[in-house]
Amino acid sequence: MGKTERPINTRLIENEQRLTPVYDVLEIVGEAGTGTTSTGLVLAELHDARFISIGDIVGKINQGIWQGRLLEDGRELNVAIDKKVDRLGQLIIRNALPQYPNTNGRRPVVVDSRMGAYFAIKGKQEAEEKGQPFPNVVKIKLTADEDVRISRLSEREGISKEEIRRITTRRDTMDSETYRKLQGQDVASNNFFDLIVDNSNLNVDQTVSSINQWLKRNNYVK
């Protein structure tokens with residue numbers, strides 16, 4: 001995913017209605033070029049939620065594996081690293097429980113994570129088995145046509161479309177292998193998500209508005 005310091009769309013924030021979340025965690029999932037970071041940043045601002053990028057955190061921890069804005073050679077299928085990312089994702093979700101003690105009180109979290117659905121599903125299963133509470137997690141997937149994704153990434157990264165296509169194809173393939181290794185199936189399955197938004201023909205403003213409308217209709221914000 002992109003870096004979280006990417007400029008936030010201030011025009012949308014000024015014009016869009018601020019909302020109060022009922023959810024605890026909003027997981028934004030999507031392949032490179034679908035705008036998960038840009039969308040997540042704006043949603044977090046509008047919902048007065050914390051924004052967390054798993055990719056950025058892992059990038060700082062594992063500089064030798066994650067390379068800048070795009071993953072050049074794919075994340076190595078290293079069991080120890082996979083387990084660290086898994087624990088990190090679970091910790092972020094569990095810390096969003098309303099009763100979790102923190103200095104700022106309850107504050108929902110918007111998480112940009114390509115494995116967000118896996119974290120949520122696995123965490124809920126484990127919590128139910130132990131009879132423990134689990135946060136109210138909303139799982140949203142952003143999609144876009146491959147050619148659209150490639151064009152967006154090429155413009156953003158300043159790299160040719162041919163090179164971007166090579167990088168992203170390898171990255172997506174290795175991510176799928178990681179999901180299957182951890183979950184036993186492809187977590188990218190649409191069955192894992194509460195909402196799927198195809199933003200091939202939408203900009204960030206329109207994507208955010210579409211998500212907010214759905215959240216309001218389903219009583220996840222007020």
Side-chain angles (χ1 to χ4, degrees), residues 1-9 11-12 27-44 51-78 81-82 85 88-89 110-119 139-183 186-190 192-193 195-208 210-211:
M1 303 298 178
K3 295 292 184 181
T4 54
E5 59 263 26
R6 187 179 304 161
I8 297 176
N9 189 326
R11 183 177 66 81
L12 176 61
E27 292 276 2
I28 304 291
V29 178
E31 296 176 319
T34 57
T36 55
T37 300
S38 299
T39 300
L41 281 166
V42 176
L43 285 170
F51 177 81
I52 297 175
S53 169
I54 294 290
D56 281 358
I57 294 173
V58 174
K60 293 175 182 177
I61 296 173
N62 301 290
Q63 290 294 333
I65 296 172
W66 291 82
Q67 301 294 327
R69 290 168 294 175
L70 279 179
L71 190 61
E72 169 61 28
D73 295 318
R75 185 159 59 85
E76 296 177 0
L77 298 181
N78 181 288
I81 294 170
D82 290 338
V85 177
L88 174 61
V110 175
V111 183
D112 172 13
S113 169
R114 300 189 80 182
M115 296 178 65
Y118 164 77
F119 298 149
K139 304 176 294 298
I140 297 177
K141 180 179 180 179
L142 302 184
T143 67
D145 294 338
E146 182 178 345
D147 288 344
V148 173
R149 293 172 52 214
I150 296 302
S151 294
R152 290 172 178 172
L153 291 169
S154 177
E155 181 178 354
R156 190 182 83 191
E157 305 294 336
I159 302 175
S160 70
K161 290 183 180 181
E162 292 74 16
E163 181 67 5
I164 286 291
R165 194 178 299 275
R166 182 189 70 80
I167 293 171
T168 55
T169 297
R170 179 172 175 78
R171 176 180 181 174
D172 293 344
T173 298
M174 296 193 75
D175 275 354
S176 294
E177 291 175 2
T178 300
Y179 299 149
R180 284 192 292 269
K181 184 176 180 180
L182 290 172
Q183 180 76 352
D186 191 349
V187 80
S189 168
N190 291 342
F192 287 99
F193 301 96
L195 173 67
I196 299 174
V197 178
D198 183 340
N199 63 13
S200 299
N201 299 310
L202 303 178
N203 57 29
V204 175
D205 297 39
Q206 294 165 329
T207 300
V208 169
S210 177
I211 291 173

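Position 1 is the first residue of the sequence, and the numbers go up from there.
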Handout entry: Name of the residue among I28, L202, T143 meeting side chain to side chain contact (heavy atoms under 4.5 Å, CB included) with V197
Key = L202
Problem - Interatomic distance, T36 atom OG1 to L142 atom CG [nearest 0.5 angstrom] - result: 6.5 Å
Practice task
Ignoring hydrogens and angles, tell me if any N or O in the side chain of N199 forms a donor-acceptor pair with the backbone of T34 under 3.5 Å.
Solution key: yes
Fill in the blank from the handout: For T168 and A32, the nearest pair of non-hydrogen atoms, with its separation, is CG2-CB, 4.5 Å
Problem - Short side-chain to backbone donor-acceptor contact, S210 and Q206, under 3.5 Å - result: no
Problem - Partners meeting side-chain contact (heavy atoms from CB on, under 4.5 Å) with S200 (sequence neighbours left out) - result: A144, D145, V148, D198
Practice task
Under the salt bridge (Lys or Arg N to Asp or Glu O under 4.0 Å) rule, collect the residues that match up with R152, sequence neighbours excluded.
Solution key: none
Exercise for the section: Mind checking side-chain hydrogen bond (donor to acceptor under 3.5 Å, both in side chains) for S151 and listing every partner two or more places apart, or none if nothing turns up? Expected result: K161
Handout entry: Straight-line distance of F51 CZ to L43 CG, nearest 0.5 Å
Key = 9.5 Å
Fill in the blank from the handout: Residues I54 and S113: closest non-hydrogen pair is CG1-CB, 3.4 Å
Completion exercise
So CD1 of I159 and CD1 of I167: to nearest 0.5 Å the spacing works out to 5.0 Å
Exercise for the section: Could you pull out all residues at least two apart from E155 that satisfy side-chain hydrogen bond (donor to acceptor under 3.5 Å, both in side chains)? Expected result: none
Exercise for the section: Considering only NZ, NE, NH1 and NH2 on the basic side and carboxylate oxygens on the acidic side, decide whether E163 and R166 come within less than 4.0 Å. Expected result: yes
Problem - Flag side-chain contact, heavy atom, 4.5 Å: I196 against K139 - result: no
Problem - N/O donor-acceptor pair under 3.5 Å between S154 side chain and I150 backbone - result: no
Practice task
Using side-chain hydrogen bond (donor to acceptor under 3.5 Å, both in side chains) as the criterion, list what pairs up with R149, not counting sequence neighbours.
Solution key: E31, D172
Handout entry: Value rounded to 0.5 Å, distance of CD in E27 from CD1 in I140
Key = 10.0 Å
